[in-house]
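What follows is a short report on a single structure.
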Amino acid sequence: MRVRWAIAALSACLVVPPGFAAQKAPKAPAQKETPVERWIRMPPAERQKALAKLPPERRRLIQERIRQYLQLSPEERQALRQGYDRFSELPPEKQNQARALFRQFRTLPEDRRRAMRQELQKLRPLSEADREKRMASEDFRNHFSPSEKLMLQDLARTFNETP
Amino acid sequence: MMHCLMKSQEDAAVLLDYCAGRLKEGSARDVERHMAECAACMEFVAGQQALWSAMNEWSAPAVSAEFDARLERRLRETDSASWVERLTRSLRPAFARPAFALAAVCLIMAAGLLLQNPRTAVVPAGDSHARIEKIEPEQVERALDDMQMLRELASAPSTEAPSPKTL
């Protein structure tokens, strides 16, 4: 009888505490890996095989962009991952709309892009009404053309949803 | 002279019948005459007779005075027991075995481990690449483009900062 009690007590010690603790402890939400991280974790041979299908210039460009991603600080990478996660949750049409806007934005000269980015950061936290008020101001009109105003309006609306 | 009775199984049976007193008188005399000259048969019969006499001397131990009373009590208990008790009583010997207890412990431990970490129980250890989903370069390019866009437009840049480096 004592042996059976000893076995039961041993099994309780072995099984219950870790399982119990693991189930009771609130688990941090698992962060999904981005495609870039999955690519980095792929075996090198698999990566080379996938890249071999591409033209040399495109292959080189991907490798360069990955290298730059790896040069980011852990904090920058984490912030980027979080932003990417939120962006991935948007409906596909919203994602495509944001990409189209960005393509348009990239066609602007560097100094205009810089000015637009700064203005965008001011507009994003504002309500729709306050945004309209700001865009109607003389200061705004002195700095941005009507086409830039439209683009900023769209950008502020779109990227307000991906903070 | 009679041939040795120990040499065949059939003749050995004659010796056993002699020991048990089952042979007719004439046959018994023949066996005795043979034994007077055959040491092997004499030895066999002597061994058998010693065994028979030992068995005759053995007597079963006397039943204790309380035996009948205890038997009657148990019979009464069996009759009055509920159907659940009668059912579990038949299983009690199994529960009482150490092997059963050990098997139960193994089962509990296996269930505990599976509940604790069901994924790692399925994926073979030591093959970290097996879990990595294959990804095409186009998907990577798309993700890098999106990240670049988010860096430029969704992040808060410092004043006068140039566009973030291309990813």
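Each chain gets a letter, A, B and so on, in the order the sequences are listed, and its residues count up from 1. Predicted model only: the values in this text are computed from it and were never measured.
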Return the minimal non-hydrogen interatomic distance between A:L155 and B:L153, and the atom names on each side.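 Smallest interatomic distance, heavy atoms only, reads CD2-CD1, 3.7 Å.
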
Where B:P137 and A:I62 come nearest, the two heavy atoms and their spacing: CB-CD1, 3.9 Å

Shared ILVMFWY cluster between [X] and [Y], side chains joined below 4.5 angstrom?
{"X": "B:Y18", "Y": "B:M42", "value": "yes"}
{"X": "A:L51", "Y": "A:L61", "value": "no"}
{"X": "A:F140", "Y": "A:L150", "value": "no"}

CD on B:Q148 to CD on A:Q68, rounded to 0.5 Å: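 It comes to 8.5 Å.
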
Would you give the length of the straight line joining atom CG of B:D146 to atom CZ of A:F87, rounded to the nearest 0.5 angstrom? 4.5 Å

Partner chain B: residue of A:R59, A:R47, A:R67, A:E46 with the largest heavy-atom pair count (under 4.5 Å): A:E46

Among the listed options A:E64, A:K53, A:R58, A:M116, the residue most often paired with chain B at heavy-atom distances under 4.5 Å: A:R58

[Y] and [X], any side-chain heavy atoms less than 4.5 Å apart:
{"X": "B:E152", "Y": "A:R113", "value": "yes"}
{"X": "B:R142", "Y": "A:Q95", "value": "no"}
{"X": "A:F159", "Y": "B:M149", "value": "yes"}
{"X": "B:L144", "Y": "A:I66", "value": "yes"}

Residues B:R151, A:L72; criterion side chain to side chain contact (heavy atoms under 4.5 Å, CB included); working and verdict: CA-CA 12 Å; B:R151 279 191 89 198; A:L72 296 176; 3.6 Å; yes

In plain terms, say whether A:R106 and B:D145 are close enough for a salt bridge, that is, a side-chain N and a carboxylate O under 4.0 Å apart. no

Before accepting this row, confirm whether a basic side-chain N of the pair A:R65/B:E141 lies closer than 4.0 Å to the acidic partner's carboxylate O.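 No salt bridge links A:R65 with B:E141.
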
Sidechain-backbone polar pair: A:R38 side chain, B:I135 backbone, donor-acceptor under 3.5 Å: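 The answer is no, because no donor-acceptor pair under 3.5 Å joins these two groups.
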
Please classify the contact of A:A115 with chain B as side chain, backbone, both or neither, using a heavy-atom distance under 4.5 Å. neither

Identify which part of A:E76 has an atom lying under 4.5 Å from any heavy atom of chain B, answering side chain, backbone, both or neither.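 It is the side chain, since no backbone atom gets that close.
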
Using the side chain to side chain donor-acceptor pair (under 3.5 Å) criterion, which residues pair with B:S64? Sequence neighbours excluded. none

Neighbour count above 12 (heavy atom, 6.0 Å) for A:E93 CD: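 Above 12, so yes.
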
